[in-house]
Amino acid sequence: MPKVVQNLVVALLLATTLIIPSARADWMPLTGAESAANIAEITVLDDRVRVVLEVYVGDIGAFDALVPDDWLKEKAASRPALPERLRKFAKESLRIVTDDGTALRAELKVAEPRLRKDRNAAFAGMIDPATWQRIPGPPTDKRVLYAELDYPFPGKPKHLTIIPPLDTHGKPVVNIGFIAYHKAVPVIDFRYLNQAETLTLDWSDPWYSEFSNPVLKRHHKSALMSFLYVEPREVRHEVLIRVRDLQEWTDLGLSSSAMIGAADQGRIKERASAFFAAHNPLTIDGLPVTPAAVHVEFLDISLTGVMLIEETQELDPTTAMLGIMLSYPIQHLPQRVAVKWDLFSARVTQIPVTTIDPAGPFPSLVEAGDPTYEWKNHLLTYKEPQVSPVVLDDGRALPVPLLSVLLILALGAAFIARRSAIVSRAALSRKTVIICTGVSLIAAVLLLRVAVIHIPNPLAGPPDEATAAQILSGVLTNVNDAYLERNPDALHQALQVVVAAEELSNVKQELDRALAIKIAGGGIARVETVDHVVLKDVKSLEGRSGFRAIAEWSAKASAGHWGHNHQRRIHFRALVELVDNNGAWKLEGLTVTDAKQEI
């Protein structure tokens with residue numbers, strides 16, 4: 001290793017020992033390029049290209065021109081001054097070339113030691129199903145040379161070509177993962193920069209700027225997307241649309257260059273809600289329906305997915321997205337759902353559509369020439385969710401076969417009558433008595449499982465912890481099915497099956513709080529499964545057939561919005577009371593004391 005490079009490495013190692021790492025994850029890994037040894041974040045602005053570099057400590061030799069002289073313990077006499085180093089760097093190392101072949105000059109703004117930004121490389125170490133290669137993780141040594149450079153340009157170039165450091169054979173000298181933006185719009189997800197890549201710039205709408213290499217693209221390429229959800233008790237049509245595109249169809253009161261302020265956002269939501277309630281008509285089993293509810297939110301689309309913008313802030317209309325949810329309650333899963341899309345423009349000639357049902361997502365396209373897309377019910381094993389009473393034999397009630405008992409009592413009465421001469425002994429001969437007794441005993445045995453009633457055992461204590469856990473698990477599962485109901489009256493009726501009527505209002509209030517599991521995108525997740533139910537300190541209820549206990553359980557919840565399936569796993573701790581109501585267990589009391597997200 002040359003002495004200059006050795007000095008650079010030593011300087012960087014010493015300088016970064018005092019830097020405290022950040023624990024924040026900024027990006028969701030999609031290609032593995034965010035784990036590359038070197039990272040370049042490239043942003044095309046109105047008058048320049050801004051490049052932010054993170055250079056791995058082991059690759060400093062390829063970027064030594066960026067290191068200030070005062071970092072070196074021993075400056076080489078032959079080392080050129082910074083302006084000369086930058087001229088050479090812009091022509092031979094990281095080059096950005098305009099349409100006419102001119103290499104832009106580089107201006108170094110910042111050069112300092114830092115620690116590598118944590119980009120949440122969750123896929124590191126996994127096998128890529130496309131290449132069957134293991135996805136590499138980021139370098140173990142987090143120390144980097146952090147540099148910011150500007151490449152000024154005149155006018156508005158139509159194309160810019162970005163060229164990484166290459167050897168004499170045209171191969172990349174170092175491994176670089178990069179992401180590119182045109183103003184605030186991400187042009188691509190993280191990809192590898194291993195050859196010259198040309199970016200075509202759309203100055204009228206940066207959303208449509210793109211690389212000529214088809215591999216270099218972003219996940220959310222379309223400015224308008226449609227999603228049709230067919231779920232138990234609800235059909236939902238969701239739309240993602242840019243504010244700028246919606247402005248072409250309806251007046252939002254915005255200029256093309258103005259930022260969207262806090263005062264504008266409420267008005268835009270109201271107009272978007274009214275607009276979409278009247279467009280893109282939907283039919284269920286051939287009948288036209290109107291949405292029961294329309295919900296609109298401002299969203300941020302980044303490499304982390306679709307995220308709700310919770311805090312009021314100024315938004316760029318070029319990138320600001322609206323998420324529209326139109327809800328259509330249903331009683332049963334339909335056989336056919338159709339949406340006729342009626343919004344097209346010169347830019348928007350095709351709209352990506354995804355239909356999601358209990359079997360999974362199905363992507364397609366809708367076009368101006370064929371604007372209707374349809375879902376058909378091809379589910380063969382689907383079973384409608386239904387709330388049913390929780391009946392469990394916990395050993396606390398005595399089963400009594402009523403008909404068998406009546407036969408035995410009748411037989412006993414006959415013997416008493418014969419012995420007391422109430423009935424003539426001639427009428428009941430010995431042979432007749434034997435036959436009647438035998439027939440009655442056989443009938444009593446055969447009827448042991450017929451007309452069985454359960455009589456509470458006054459001596460029985462509360463169920464054991466394992467049985468109590470089974471009871472609560474069954475009740476909670478039915479509660480989750482009840483909450484599929486969108487209509488308040490239907491929900492109230494469903495909850496009555498598993499919640500004590502006299503305490504329904506109080507219990508429902510606590511259930512609403514416990515089951516309101518918020519997810520990204522502004523929705524509420526639906527609990528799918530309840531497991532790991534554990535009950536402790538089980539005690540009988542005074543004056544009632546039932547028990548109270550301290551309960552813990554885990555619930556897996558999910559919600560799909562705008563093509564993303566958000567999942568949560570929540571661990572609950574609560575004080576519960578359950579009563580035996582004519583053989584069926586019902587929840588009479590619930591106080592959630594703790595709820596923690598596991599994943």
Side-chain angles (χ1 to χ4, degrees), residues 185 202 204-208 210 218-230 234-256 260 264-284 286-301 306 315-328 336-356 361-375 521-522 560-564:
V185 180
D202 189 325
S204 64
D205 191 346
W207 185 274
Y208 295 98
E210 60 182 359
R218 62 175 180 269
H219 178 68
H220 286 90
K221 183 178 180 180
S222 300
L224 179 58
M225 291 175 278
S226 177
F227 306 90
L228 179 64
Y229 286 86
V230 183
E234 183 187 44
V235 170
R236 197 168 64 254
H237 184 205
E238 300 186 351
V239 178
L240 280 178
I241 185 171
R242 278 196 311 164
V243 172
R244 176 167 178 169
D245 293 310
L246 182 57
Q247 174 79 9
E248 295 183 11
W249 284 301
T250 184
D251 182 18
L252 299 176
L254 296 173
S255 65
S256 58
I260 302 173
D264 300 320
Q265 295 178 23
R267 182 189 70 249
I268 291 174
K269 287 183 179 181
E270 290 179 3
R271 294 188 181 183
S273 176
F275 180 81
F276 277 95
H279 287 79
N280 307 320
L282 183 143
T283 61
I284 297 178
L287 299 176
V289 291
T290 57
V294 182
H295 184 69
V296 182
E297 292 289 354
F298 279 95
L299 303 173
D300 177 35
I301 295 184
V306 180
L315 304 173
D316 186 339
T318 305
T319 57
M321 301 288 293
L322 284 173
I324 296 94
M325 294 186 288
L326 300 102
S327 175
Y328 305 85
R336 186 163 57 93
V337 178
V339 177
K340 184 178 180 180
W341 192 270
D342 58 12
L343 302 176
F344 294 95
S345 68
R347 287 272 199 187
V348 181
T349 58
Q350 288 185 331
I351 301 170
V353 176
T354 304
T355 54
I356 301 101
F362 303 95
S364 60
L365 285 173
V366 63
E367 300 177 337
D370 185 14
T372 300
Y373 61 95
E374 186 177 73
W375 172 89
H561 285 299
W562 302 296
H564 293 260

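Just the heavy atoms: all of them, side chains too, but no hydrogens, waters or symmetry mates, feed the values below.
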Open item on the list: With rounding to the nearest 0.5 angstrom, report the CD to CD distance, Gln350 to Glu367.
Closed with: 4.5 Å
TODO: For residues Arg271 and Asp251, report the shortest heavy-atom separation together with the two atoms involved.
DONE: NH1-O, 2.8 Å
- [ ] Measure from the side-chain N and O atoms of Glu374 to the backbone N and O of Ala338, and report whether any donor-acceptor pair falls under 3.5 Å.
- [x] no
- [ ] Search all heavy atoms of Ala320 against all heavy atoms of Ile260 and return the closest pair with its distance.
- [x] CB-CD1, 4.0 Å
Task: Distance (rounded to the nearest 0.5 Å) between Met321 CE and Asp245 CG - done: 8.0 Å
Task: Stepwise side-chain contact (heavy atoms from CB on, under 4.5 Å) check, Tyr328 with Val337 - done: CA-CA 11 Å; Tyr328 305 85; Val337 178; over 6 Å; no
TODO: Output, in order, the C-alpha distance, side-chain angles, deciding distance and verdict of side-chain contact (heavy atoms from CB on, under 4.5 Å) for Glu297 and Lys269.
DONE: CA-CA 7 Å; Glu297 292 289 354; Lys269 287 183 179 181; 3.4 Å; yes
Task: Considering all heavy atoms, the nearest Phe344-Val366 contact - done: CE2-O, 4.1 Å
Open item on the list: Are the side chains of Leu240 and Phe227 in contact, using a 4.5 Å heavy-atom criterion?
Closed with: yes
Task: Student check: side-chain heavy atoms of Asn280 and Leu343 closer than 4.5 Å - done: yes
Open item on the list: How close do Pro291 and Leu326 get, counting heavy atoms only, and between which atoms?
Closed with: CG-CD2, 4.0 Å
Open item on the list: As a quick check of understanding, evaluate side-chain contact (heavy atoms from CB on, under 4.5 Å) for Val348 and Glu248, giving each step before the final call.
Closed with: CA-CA 11 Å; Val348 181; Glu248 295 183 11; over 6 Å; no
Open item on the list: Within the structure provided, determine whether Leu224 and Arg347 are in side-chain contact (heavy-atom separation under 4.5 Å).
Closed with: no
Open item on the list: What I'd like to find out is whether the side chain of Pro361 reaches to under 4.5 Å of the side chain of Thr355, using heavy atoms alone.
Closed with: no
Task: Atom pair CG (Leu287) and CZ (Arg336), whose distance is rounded to the nearest 0.5 Å - done: 9.0 Å
- [ ] Nearest 0.5 Å please: distance from the OH atom of Tyr373 over to the CZ atom of Phe362.
- [x] 15.0 Å
Open item on the list: Is the shortest side-chain heavy-atom distance between Val185 and Tyr208 below 4.5 Å?
Closed with: no
Task: Any side-chain heavy-atom pair of Arg242 and Asp205 under 4.5 Å - done: yes
Task: Test item: Val239 and Trp341 side chains (from C-beta on) under 4.5 Å apart, heavy atoms - done: yes
- [ ] Would you indicate whether the side-chain heavy atoms of Leu322 and Val243 approach each other to under 4.5 Å?
- [x] yes
Task: Smallest separation among heavy atoms of Ser226 and His237, with atom names - done: OG-NE2, 2.7 Å
Open item on the list: Both conditions, 6.0 Å and 45 degrees, for the charged tip of Arg218 above the ring of Trp207: are they met here?
Closed with: yes
Task: Gap separating the CG atom of Leu282 from the NZ atom of Lys340, nearest 0.5 angstrom - done: 13.0 Å
Task: Rounded distance (nearest 0.5 Å) linking atom CD1 of Ile351 with atom OG of Ser364 - done: 11.0 Å
Open item on the list: For a quick test of reading the model, state the closest non-hydrogen atom pair linking Leu246 to Ala272 and the distance between them.
Closed with: CD2-CB, 3.7 Å
